[in-house]
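All values derive from a computational prediction rather than experimental measurement.
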Amino acid sequence: MKIDRRCFLSLGIGGAAGLALSPIPWKLADDSAIWTQMWPWTPVPADGEATYVKSACTLCPGGCGISVRKIDNRAVKIEGMEGHPVNDGGICLLGLSGLQLLYGPNRVKTPLKRAGERGEGKWVKITWEEAISEVAKKLGDIKEKGESNSVACISGSDKGTVPALFKRFLSVFGSPNFMRMPSIQDSYEIANNISLGFIAQTGFDLEHAGFILSFGSGLIEGWGSPVRMIRANSSWRKAGIKVVQVEPRLSNSAAKADKWIPVNPGTEYALALGLAHVIIRKSLYRNDFVHAGASGFIRFRDLVLSNYSPDSVEKITGIKKETIEALAVDFARSERPVAICGRGQGKSQGSLGEVMAVQALNVLVGNINKEGGVFAVNDPAYIAWPAYQSDAVGAAGIKKERIDGAGSGKYGFAKSLTNRFAGAVNSGSPVSLLFVLESNPVYSLPDTKDVKDAFKKIPFIVSFSSFMDETALNSDIILPNHVYLERYEDVPATAGLSKPVVSLARPVVSPQFNTKHAGDVILLIAKEVGSPVADAFPWKDYQTCLEGTAGDKWKILNKEGFSSDPAFTAQVVNISPGRFDLSGGVADLSILFTPVNSEEDSKAYPLFLLPYDSFRIANGYIGTPPFVIKTVEDTVLKGKDILVEINPATARANGLSAGSYATLKTPKGSARVKVHLFEGIMPGLVAMPRGLGHTAYDNYLAGKGINVNELIGTVEDPASGLDAAWGIRANLIKA
Amino acid sequence: MKEEQSKEKVKKFGMVIDLDKCTGCGACMVACMAENNVPFKEDESKKLDSITWLRIYKLTNGKSFPDADICYLPRPCQHCGGKGDHGHSPCVSVCPATATDYNKETGIVSQIYTRCFGCRYCMAACPYHARYFNWWDPVWPDGMEKYLSPNVSVRMRGVVEKCSFCFHRYQLAMDKAYYEGRREIEETEYQTACTQSCPANAIAFGDLNNSGHAVYELKKDKNAFRLLERLQTNPKVYYLSSREWVRRAGDNYLKDEKK
Amino acid sequence: MDSALIPRGVKRCPTWQFALWIGAAGAVLLWGVFAMLLCWFKGLNQTNMNDSYGFALWIWADLAVIALGGGAFFTGFLRYIVGKDELKNIINYAVLIGFICYSSALLILAIDIGQPLRGWFIFWHANVHSMLTEVAFCLTCYFGVLTIEYVPLILENRQIDKVPFFHRLGHNMHEIMAVFAATGAFLSFFHQGSLGGVSGVLFGRPFGYREGIFIWPWTFFLYTWSAAACGPCFTIMITKITEKVTGKRLVKQNVIELLAKISGWMIGTYIIAKIIDTWYWAKVTAPAAGFNLMDFYSNNPFYGIWILVLEIVICGVVPAIILTSEKGRKNPAALMTAIILAVLGACVNRWVMVLQVMAVPVLTFENWVMYYPSWQEVATTILPVAYGVILISLSYRYLPIFPQEQELNPEV
Ligand SMILES: Nc1nc2c(c(=O)[nH]1)N[C@H]1C(S)=C(S)[C@@H](COP(=O)(O)OP(=O)(O)OC[C@H]3O[C@@H](n4cnc5c(=O)[nH]c(N)nc54)[C@H](O)[C@@H]3O)O[C@H]1N2
Ligand SMILES: Nc1nc2c(c(=O)[nH]1)N[C@H]1C(S)=C(S)[C@@H](COP(=O)(O)OP(=O)(O)OC[C@H]3O[C@@H](n4cnc5c(=O)[nH]c(N)nc54)[C@H](O)[C@@H]3O)O[C@H]1N2
Ligand code: SF4
Ligand code: SF4
Ligand code: SF4
Ligand code: SF4
Ligand code: SF4
Ligand SMILES: [Mo]
């Protein structure tokens with residue numbers, strides 16, 4: 001017994017000592033340190049050769065140059081391209097997140113054909129040949145019935161060769177119905193058409209302006225070419241250039257401005273006319289430029305002098321008359337003052353009256369077509385393709401009235417009225433086949449329900465989306481495009497630029513999935529549809545088309561990544577002094593300047609819902625990537641709840657407090673929201689960000705917040721046919 | 001003589017962020033995430049477990065409509081020099097496992113992920129909330145790990161991470177310089193990802209000790225201030241603002257105290 | 001069934017009853033173990049901790065338990081070094097409670113760190129400037145000492161004691177126990193202090209930061225002092241609870257009263273020091289950083305300044321007055337109230353110095369946030385309690401913990 005125990009003890013102690021002296025515990029300890037950094041679920045990025053590829057970002061109309069860092073065949077980081085005329089090394093958060101789109105879970109990986117009900121998400125994979133012949137067959141049938149004009153296309157943009165190919169396809173085929181997604185440029189175009197007599201875009205040489213008067217434009221929140229605008233803002237800060245922001249809400253742009261002037265929403269036009277009143281009354285306008293003898297000016301002068309005195313403008317806008325007087329003088333006496341409008345990022349069209357009233361200010365101070373001023377800019381000039389021959393059906397089809405009415409009758413000045421598309425389809429204009437290119441109309445057009453109803457009425461929808469967005473989800477066939485990092489494409493940057501730039505997107509990596517360039521796909525469809533459509537597309541493939549189109553600029557595009565040669569990109573249109581017809585050339589000025597407002601019941605809806613744009617939420621075709629959604633403050637999105645901004649006074653009046661739930665009701669719908677109190681918003685308003693409330697996309701985005709488009713509708717501007725709504729009547733009830 | 005020489009060589013990398021230029025656009029935040037393999041989760045709205053080496057704060061002046069004002073303030077790690085700038089940063093001095101270190105050569109406060117055992121004492125020490133704990137395993141959706149950079153380790157669950165002033169970029173620049181037979185690098189050769197991305201050029205980065213670098217003069221601006229200077233943390237990140245209320249928000253003051 | 005293991009001359013409940021009791025405690029223990037495993041395998045996302053509450057319920061429990069376990073070192077110090085001989089009648093239990101507290105503390109630490117497998121880095125890659133390094137070393141050493149103090153108790157079990165080797169080992173260990181008690185007291189002095197230093201050195205956290213001498217902030221000394229002051233109260237409290245549960249008197253009142261009196265004077269002096277410290281901090285240290293006292297309390301939506309009143313007045317001044325007065329000690333209700341308040345006081349102090357330090361916003365544009373522990377945190381915090389109950393039950397049943405038990409319960 002004794003010996004046993006001793007034996008046992010010495011064995012135990014000896015064993016322990018032996019073990020401690022052996023490498024085992026030390027090895028185990030060391031291993032534990034290694035294990036904890038080598039869990040198989042923690043990825044270890046492979047190293048390799050680092051290279052950079054110059055390309056262009058297409059995620060917004062900004063047109064930035066990018067430089068993508070690669071390790072072997074992987075793209076690992078997107079950076080701004082140094083020396084690029086738009087962004088010179090800077091880049092925005094969306095552009096930085098491009099790789100999350102490229103490698104993201106939401107890519108459509110192969111052509112898909114709908115298997116279940118629309119929107120159900122049931123698909124069968126098909127080959128490219130099957131997909132193309134299916135679409136071509138549908139087109140053939142339509143043509144046979146002589147209904148070629150019932151084919152339509154909604155495109156994110158109408159600039160560049162790919163949209164041009166689609167537009168050309170429709171034209172040869174026999175349909176005038178090529179539409180682009182709405183933006184403030186629609187209004188600027190019509191304004192130019194009316195006051196100058198020709199279609200042109202408006203460009204601003206903001207970098208050299210001497211005073212900036214912004215009517216709600218989110219100058220640093222993604223307006224126009226976002227990176228370029230932010231850079232311009234920095235140059236204003238440095239040079240001490242004064243910026244005045246007129247807006248009902250303290251946006252970032254308002255906060256950054258030297259002066260923020262809160263204005264009753266929708267009455268910006270009146271302020272502009274009030275300022276014109278003061279400028280004219282005090283004779284501060286440029287007599288030589290305005291050509292005071294012109295009949296247009298006389299009518300304009302009479303209108304503003306009689307109807308828009310600071311006194312009456314104070315009543316409309318809520319801005320003190322002294323402020324108006326002082327601002328007008330400040331503006332008119334500054335060197336190179338520029339007035340600019342287009343709410344938020346400029347993705348809504350706005351009232352024509354407002355655009356023209358604001359443009360009138362630029363004309364009055366004569367800051368047109370000169371450094372630091374406002375320019376009329378042609379569409380990019382480099383796309384010049386040979387004429388084509390249509391057949392009889394095609395020739396007849398193209399002459400028919402557009403579905404959205406643009407270009408004829410009272411919409412004679414408009415080029416595209418996508419805002420009217422859903423209404424037209426719902427009231428009986430037949431669309432038998434719809435192409436959707438680089439856009440997500442089911443999500444991003446206002447009055448979502450109306451849009452969805454319209455889509456239900458369209459028998460065949462073809463999506464070219466790279467991503468499973470809401471529109472793709474509601475289509476019949478998806479022909480997935482390469483994403484921009486996998487393809488060649490010309491990227492014209494025009495948004496608000498006085499000197500447009502064309503950049504070249506090029507494949508940074510080889511296509512990750514079984515996708516095809518939309519440019520190639522439309523060529524293949526044309527071939528399959530046959531003569532005469534096929535004959536209008538003489539190119540072997542898109543690449544040949546692009547190179548041919550770029551001509552002798554191809555080399556430079558390839559080498560530098562961009563061209564800003566005006567001979568190639570776009571021309572500034574010469575405007576002689578006095579050329580502007582300030583009266584707008586429209587007989588009934590009162591219609592032109594009628595404030596567009598929702599006419600719904602003000603008792604049931606005592607508040608106004610004001611959608612706003614945030615740089616940290618993408619609200620167009622591109623869904624907000626995970627990195628970007630991570631930057632969204634918890635006062636905007638908390639879990640799945642969206643927060644609306646209201647003034648504490650509004651909260652008190654409605655029995656609400658910070659963080660409480662409420663039901664937001666508008667004539668278009670209602671939604672459960674959370675309340676965020678913000679002293680920077682005018683009492684009586686409820687502000688909601690655009691870009692949330694996706695039902696498609698991945699788990700990083702879908703189901704978060706509310707899509708404000710479901711709560712708002714369109715209000716047709718009587719003068720232009722564009723959507724002039726800036727918001728909608730609303731109520732906020734404690735939930 | 002010898003001391004003089006070494007003093008001259010000592011670099012002190014730092015930032016000057018111009019809040020008058022900063023638009024709060026968030027590019028710097030994302031540039032940092034993209035550069036440094038920062039993970040993300042499905043719900044990032046709980047900001048207290050959301051890893052953002054560079055966080056942009058939205059400051060308000062506390063006044064009511066229409067006198068309200070806001071200002072954005074990007075906050076990377078301040079790379080504190082600690083009392084007397086001797087390198088005893090609040091966080092470095094407390095880490096029991098020497099998993100975070102003050103680099104005397106560059107003034108950069110490092111974080112060694114494989115050394116950190118996740119006690120979070122450093123987080124308690126940092127008044128800037130610049131340190132983030134990996135509460136979750138980093139998970140990338142299938143295929144997305146392709147964009148991960150090999151220059152920065154992917155962090156495992158259970159360790160603390162923070163802004164490194166993109167130290168790997170310094171290493172790469174130094175490597176290149178040595179390879180080319182140089183001992184020193186130019187200002188432009190080492191710039192952080194956030195600085196590079198900022199569309200507003202609001203961030204200047206460089207050697208605070210080097211009179212040839214932009215930050216050298218910028219930090220002396222009359223509108224320059226640092227966060228919580230009174231705590232003697234000695235941050236290497238300076239801010240510029242022409243607005244008095246913003247400058248005052250940078251530190252705590254007793255009610256009757258004038259700045 | 002297990003009567004051969006039970007010390008001679010004392011009565012213990014029937015085996016089935018004991019088994020039931022252990023079973024109940026065991027179930028709670030398993031619940032805690034389950035939560036602990038969740039935390040280890042799934043990570044600390046199982047908790048409600050976050051970047052503002054990186055130190056939360058656990059670290060509080062840890063510090064509280066260590067403070068209260070201070071009864072062991074201080075009683076040992078009084079018994080072996082100062083020579084208060086009566087305390088031999090409670091020292092065993094003090095040691096056992098201390099052992100439970102410290103082993104629990106170590107376990108909690110192993111759950112609390114993000115990379116438990118790397119826990120040993122704190123020793124291997126030690127940073128001598130860190131208070132936590134000091135804590136880790138002293139804590140581990142002191143746990144060793146407590147083990148050494150506890151082992152002779154185990155060896156006194158009737159069956160183990162029969163083995164001559166163990167008998168002699170136990171005897172010899174008793175002989176040199178004063179050395180260990182002294183070592184223990186020394187180690188305790190340091191790690192209690194280092195724990196106080198943990199928040200005291202945080203010069204970036206004006207709520208926790210304190211001036212001091214050399215490298216030691218005042219909290220260093222206050223922690224040691226408060227542990228010494230309140231630890232014995234915890235020993236008394238657990239003793240009283242044990243007496244309630246077993247339905248027996250186990251320690252003579254004079255022993256309790258002696259310990260309570262010493263404790264009272266310790267609390268009294270401690271609370272004076274604490275008030276001076278708070279005053280100096282509120283008047284000099286914090287204002288230098290731009291803070292008024294109320295800045296630290298007014299934003300807190302839950303308890304505000306009341307937590308300071310609770311800690312200092314209700315759980316400090318009140319028990320000090322009761323315990324230092326003869327009348328107070330003699331009145332059982334007053335005595336118990338004071339004991340409980342003192343224990344609570346130590347807990348509140350540790351709560352404040354752990355959770356508030358990190359949660360009080362320092363940047364002017366940050367806000368107070370609230371934190372609620374998750375069930376996993378609660379379960380793992382209760383785990384040591386269940387473990388303590390089990391260890392106490394086993395020790396009480398099989399070991400001669402209370403030398404006076406036989407004398408006080410003569411009927412057997
Ligand atoms: N050019 C150059 N060479 C150097 C140095 C330098 O500064 N420049 N420094 C020298 C020094 S000091 C050192 S320590 C060495 C370091 O040399 P390495 O050990 O090669 O260091 P890294 O390149 O940092 O990391 C190596 C690989 O580990 C991967 N990795 C990241 N995290 C983990 C993980 O958790 N687990 C595993 N298994 N892998 C991971 C990384 O993706 C990377 O591919 O280099 C030395 N050589
Ligand atoms: N972001 C990031 N951070 C990291 C790491 C990482 O991979 N990524 N790695 C970590 C690791 S493993 C390490 S070791 C550290 C390295 O961190 P550091 O030690 O700071 O690294 P180095 O930059 O390699 O070297 C330090 C300095 O040594 C100087 N030097 C070179 N040769 C000599 C010499 O002969 N004499 C003297 N006096 N000086 C000389 C160089 O000029 C340089 O400034 O960084 C750590 N931090
Ligand atoms: S501004 Fe537009 S074009 Fe430029 S990087 Fe951002 S998303 Fe891309
Ligand atoms: S990128 Fe520049 S402008 Fe944008 S938030 Fe960061 S510092 Fe400010
Ligand atoms: S900011 Fe925080 S993490 Fe960075 S050095 Fe200072 S104390 Fe450390
Ligand atoms: S969490 Fe990591 S870095 Fe921070 S103190 Fe602990 S071991 Fe050091
Ligand atoms: S310096 Fe580098 S690590 Fe630090 S915030 Fe900027 S990008 Fe991130
Ligand atoms: Mo290293």
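For C:Glu366, the part lying under 4.5 angstrom from a heavy atom of chain B is the side chain only. Both the backbone and the side chain of C:Ile113 have a heavy atom closer than 4.5 Å to some heavy atom of chain B. Heavy-atom distances place no part of B:Ile51 under 4.5 Å from chain C, backbone and side chain included. Contact annotation for C:Val369: only side-chain heavy atoms (C-beta onward) come within less than 4.5 Å of a heavy atom of chain B. Neither the backbone nor the side chain of B:Cys91 comes within contact range of chain C, judged by heavy atoms closer than 4.5 Å. In this structure, chain B has a heavy atom under 4.5 Å from the side chain of C:Tyr209, while its backbone stays farther away. Heavy atoms of C:Ala136 lying under 4.5 Å from chain B are absent altogether.
For the pair B:Arg157 and B:Trp135, the cation does not sit on the ring face, since its NZ or CZ is not both under 6.0 Å from the ring centre and inside 45° of the axis.
For B:Phe13 and B:Phe205, the gap between ring centers is short of 6.0 Å.
Side-chain atoms of B:Asn36 never come within 3.5 Å of backbone atoms of B:Val154 as a donor-acceptor pair (strictly under, hydrogens ignored). In this structure, the side chain of C:Trp279 does not engage the main chain of C:Lys274 through any donor-acceptor pair within 3.5 Å.
Ring geometry for C:Phe34 against C:Trp375 counts as parallel: the plane angle stays under 30°, on a 0 to 90° scale with 60° as the upper cut.
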